[in-house]
Amino acid sequence: MIKTSAELRQAFLDFFATKQHQIVSSSSLVPGNDATLLFTNAGMVQFKDVFLGADKRSYTRATSSQRCVRAGGKHNDLENVGYTARHHTFFEMLGNFSFGDYFKEEAIDYAWTFLTQVLGLPKEKLLVTIYETDDEAYDLWANKIGLPAEKIIRIGDKSSAKKYESDNFWSMGDTGPCGPCSEIFYDHGEHIFGGPPGSPDEDGDRFIEIWNIVFMQFNRQADGAMNPLPKPSVDTGMGLERIAAILQGVHSNYEIDIFQNLIKDTAQLLNCTDLEHKSLRVIADHIRSCSFLIVDGVMPSNEGRGYVLRRIIRRAIRHGHKLEAKSHFFHQLVASLVKQMGVAYPELVSQQPIIEKILRIEEEQFSRTLDRGMALLEEILSQLKGDTISGDDVFKLYDTYGFPADLTADIARERDFKIDHDGFDIAMQQQRERAQQASQFGTDYNEQLKSDKVSSFKGYTNSEFSATVIELFNNEGSTSQLADGEQGVVVLDHTPFYAESGGQVGDSGIIVTKDGTFEVKDTVKVGHAFAHKGVARTNIQLNARVNACIDVERRQAIIKNHTATHLLHAALRTVLGDHVTQKGSLVDNEKLRFDFSHFEGVTSDELKQVERMVNHEIRRNHKRDTELMQIDAAKAKGAMALFGEKYDDEVRVVTLGDFSTELCGGVHVNSTGEIGLLKITSESGIAAGIRRIEAVTGEAALNYIDNQEKSLASIAHYVKSDVGSVIDKVEQLVNRNKQLEREFTQLKQQLAAQAGADLVSQAIEINGVKCLIAELDNVLSKDLRSMLDELKVKLNSGIVILATANEGKVGLIAGVTKDLVGSVKAGELVNLVAQQVGGKGGGRPDMAQAGGNQPENIKSALASVSPWLTEKLT
């Protein structure tokens, strides 16, 4: 008897394997073939290009258990998670697929057989929906399966004006593959409110959809015409959590084994005795999505997928806060998740330490502002008139305390309030506009070029090649010739010039004609054409025969840096962990720049270890092997692929011994020894979860070391030492300097104390109170505090206001002894003066500081203090 979620997952895959389906592993939550999707949200996503005919597989039937996330973009269930029985940020979709193989009859039969025979669901509990005009599906359900007519529900279009706009008609987009679908529902029983699909009460919980079978049989044209597909296909999806709930005899997905175990572990960790608390549901759901997103290379950040991950993490932390979590807890739940799902997804096991570390760091960062943000929100709610928090307040919580809008909405909903989403969006847009005002973006010259020509790249093995000019461009567009001295673009049918791609810059060099040359400054891709940008040094004619010659010395420097990035990538993964993935690179003839995912700064010891590892692999002089292979074979070989990149069926795999294997179309050295040496010059953070390393190789690395040695020799000269002893000498000088600074500070304090003693004699009496109002010369603002403390002690009872000016800046401080704060507040006094010298200030009743930028007004400002104090002390 199948009961557990793990047994259900395996039974589904095993069943379809017996029906000649290829079991395909779940793809990444970051779609590799659809830039329109934020996350993989259905089982068919990884097969989208197969359905479109753009990708060919070795099989025509497939089955998978696909991990999915719906927490951002169009598919966003985040606000409902924890409050309903079946909404999740993360879920698993069981699916079977036919790529032009079987169609409706087999798809319906397989679904019915699995549900009723393998799982043993009572037939009388099941009913189905079909598209209104899909008589073929009706006949199969009625005559082959034997469902009574009342259990087969036709669902029509939502309006007569829009054909094929129905819950039972699926489409990939406005055009392209589409077709009717048939959904299978389970009846939970009369004791639960709700009506069958298509009825007025269909939104109730009695009838729950468990399986959707999509029949792709049409290709919708732009004019709306529906042409039959030559090879109709099948796409199905069944939520693992929903069917597990039925098998385990529970109504809510949160009552199934996976969630119950996570909820119990969370409750134990937080000492919560109420296992029905909705916050436990939220946390149990969120640990799944957060962990799997990190497994698939997503890092918390302030944009895109990383921002969604951060929102989910912070929502979970806030619900832990509601349960009175006494310490950082969220990362500790990864172990519980590994115990539940580690067998099905071994990548959870291998990356458990990384997941825990990232979640812990994120929790520590948010916890520092959570209490203050909650205090501000409580203040906003206490003063709220009406039931809606303004967009400006929602933005303030986001901008100052890192509260995503949906987190504020979540808290507000618990108090029966709403938030102004539109107002928040306006405030966000205004912030973006402010951020962009400092940046001016010019027109991308490459975007102005359009070409349908095709260039053949010969630069892997050739540094020069004979070719024909097949297209020319000048500043006005396409042309038949370029004049001597004219800037333009030359397109060749064959070229050894590498066009800028994958982080590697384009080649430069010359194109030689019978009469002169074209000086190539850069090479870029325009469609399938290689565009050589530069200046004509003679007349260049269309269809002319030429000889294209790259700048070999520059190319050699570039490819040393490019191959070094591959070694650097592999070394970083070895030293820091498998979570490290490339997030961008720039490779030119002077240096390399490599961006990668990592959740904290790289230590100097780690950097040194990475650098030594790369140089060790350089000295091993690995031969560079390059081969073309199918993408699946490349991945099976261990080739690194970049998340979000679209790869062709056949890919170029670059292997450097036993150390590095990557998919790459760039140009490389023949053996790693040609690189000579790599020297890391800097490491820094460029965004949340993204680090950057800059380095030099070959001659540039030697030059860098030479310059370092020259700098060291200069330092030794200035400190009167030799290079071998320079560190000790500098340390001695630094310690001596610190000692002198301490002595200098003590001397200034003594002088300030003496000045303070002299100042006391300048105090005047106002209505019986000693008041000192003074402008000081040659006193720094930072020294005013110690002077004030000394003066208050000497006065015993009194009021002090001091002002000083240095380099055009005004420093102010006010002090009131404890016995007088009922009459005069130091903050009010200092603000009185500050407003007159171009500033403002405030502080405690007994001490306050301020600044300004109008020192010329100090005397008049201080003159206003005596009348003000006279009024206050009356």
Side-chain angles (χ1 to χ4, degrees), residues 12-27 31-34 36-37 40-66 93-114 128 130-131 133-141 144-145 164 168-184 211-222 224-238 630-633 635 646-650:
F12 182 88
L13 298 175
D14 290 345
F15 172 79
F16 281 99
T18 66
K19 306 300 181 185
Q20 293 74 54
H21 287 62
Q22 173 72 40
I23 297 178
V24 180
S25 299
S26 171
S27 65
N33 61 346
D34 192 339
T36 67
L37 282 178
T40 298
N41 56 21
M44 64 81 60
V45 170
Q46 67 167 311
F47 303 116
K48 183 175 180 179
D49 285 346
V50 183
F51 285 123
L52 291 171
D55 185 12
K56 302 294 182 185
R57 300 288 177 95
S58 60
Y59 45 84
T60 57
R61 300 179 176 203
T63 185
S64 68
S65 179
Q66 174 65 50
M93 186 68 80
L94 304 170
N96 59 286
F97 310 90
S98 164
F99 312 120
D101 188 335
Y102 62 83
F103 199 43
K104 292 184 183 180
E105 182 174 0
E106 294 91 338
I108 288 173
D109 180 63
Y110 292 155
W112 190 256
T113 301
F114 181 75
V128 303
I130 60 171
Y131 184 55
T133 59
D134 191 0
D135 294 332
E136 182 183 1
Y138 183 91
D139 290 339
L140 288 168
W141 282 117
K144 183 174 176 61
I145 301 302
Y164 307 120
N168 277 70
F169 196 92
W170 180 91
S171 60
M172 195 174 286
D174 294 335
T175 61
C178 58
C181 62
S182 183
E183 298 176 328
I184 305 174
W211 201 333
N212 187 16
I213 310 170
V214 176
F215 308 118
M216 294 189 206
Q217 63 185 104
F218 302 111
N219 187 17
R220 177 155 40 192
Q221 306 299 309
M226 299 290 241
N227 298 331
L229 287 171
K231 291 185 176 181
S233 299
V234 172
D235 158 31
T236 83
M238 177 167 62
Q630 293 296 309
I631 181 69
D632 290 340
K635 290 180 179 178
K646 175 73 172 70
Y647 294 101
D648 296 330
D649 287 342
E650 193 173 62

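Scope of the values below: all heavy atoms of this structure, side chains included, with no hydrogens, waters or symmetry mates. Since this is a predicted model, take the numbers as computed values, not measurements.
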With a 4.5 Å limit on heavy-atom distance, are the side chains of Tyr59 and Gln20 in contact? no
Angle between ring planes, Phe16 versus Trp211, binned at 30° and 60°: parallel, tilted or perpendicular? perpendicular
Short question: side chain of Ser233, backbone of Gly100 - any donor-acceptor pair under 3.5 Å? yes
Quickly, which of Tyr110, Phe97, Phe103 forms a side chain to side chain contact (heavy atoms under 4.5 Å, CB included) with Val234? Name it, please. Phe103
Value for CG (Leu94) from CD (Gln66), rounded to nearest 0.5 Å, stands at 11.0 Å
What distance separates Lys231 NZ from Phe99 CZ, expressed to the nearest 0.5 Å? 12.5 Å
Heavy-atom closest pair, residues Pro232 and Leu229: CD-O, 3.6 Å
If you compare all heavy atoms of Asn168 against all heavy atoms of Ser182, which two are closest, and at what distance to 0.1 Å? ND2-CA, 4.1 Å
To the nearest 0.5 Å, how far apart are CG in Leu13 and NE2 in His21? 11.0 Å
Find out whether Asp134 and Phe215 are in side-chain contact, i.e. whether some heavy atom of one side chain is under 4.5 Å from a heavy atom of the other. yes
Do side-chain atoms of Thr236 reach the backbone of Asn96 as a donor and acceptor pair under 3.5 angstrom? yes
Side-chain contact test, heavy atoms from C-beta onward, threshold under 4.5 Å: evaluate it for Tyr164 versus Met226 and give yes or no. yes
Would you say that Phe169 contacts Thr133 through its side chain, given a criterion of any heavy-atom pair below 4.5 Å between the two side chains? no
Atom of Arg220, atom of Cys178 and distance for their closest heavy-atom approach: CB-SG, 3.9 Å
For Ile108 and Ala137, work out which heavy atoms get closest and say how close. CD1-O, 4.3 Å
Working to the nearest 0.5 Å, report the span between CD1 of Ile213 and CD1 of Ile130. 12.0 Å
Quick one, Gln217 and Lys104 - any side-chain contact, counting heavy atoms below 4.5 Å? yes
Output the distance between atom CG (Asp135) and atom CG (Leu140), rounded to the nearest 0.5 Å. 11.0 Å
From Arg61 atom CZ to Gln22 atom CD, the distance as rounded to the nearest 0.5 Å: 13.0 Å
Any idea which heavy atoms bring Val24 and Ala62 closest together, and the distance? CG2-CB, 4.0 Å
Is the backbone N or O of Ser26 less than 3.5 Å from a side-chain atom of Gln46, with the two atoms forming a donor-acceptor pair by type? no
Looking only at atom types and distance, does a side-chain atom of Thr63 sit under 3.5 Å from a main-chain N or O of Gly95, one as donor and one as acceptor? yes
Worked check of side chain to side chain contact (heavy atoms under 4.5 Å, CB included) between Met238 and Phe12: CA-CA 10 Å; Met238 177 167 62; Phe12 182 88; 3.9 Å; yes
Between Phe218 and Pro180, is there a side-chain heavy-atom distance shorter than 4.5 Å? yes
Short side-chain donor-acceptor distance under 3.5 Å, Tyr102 and Asp109: no
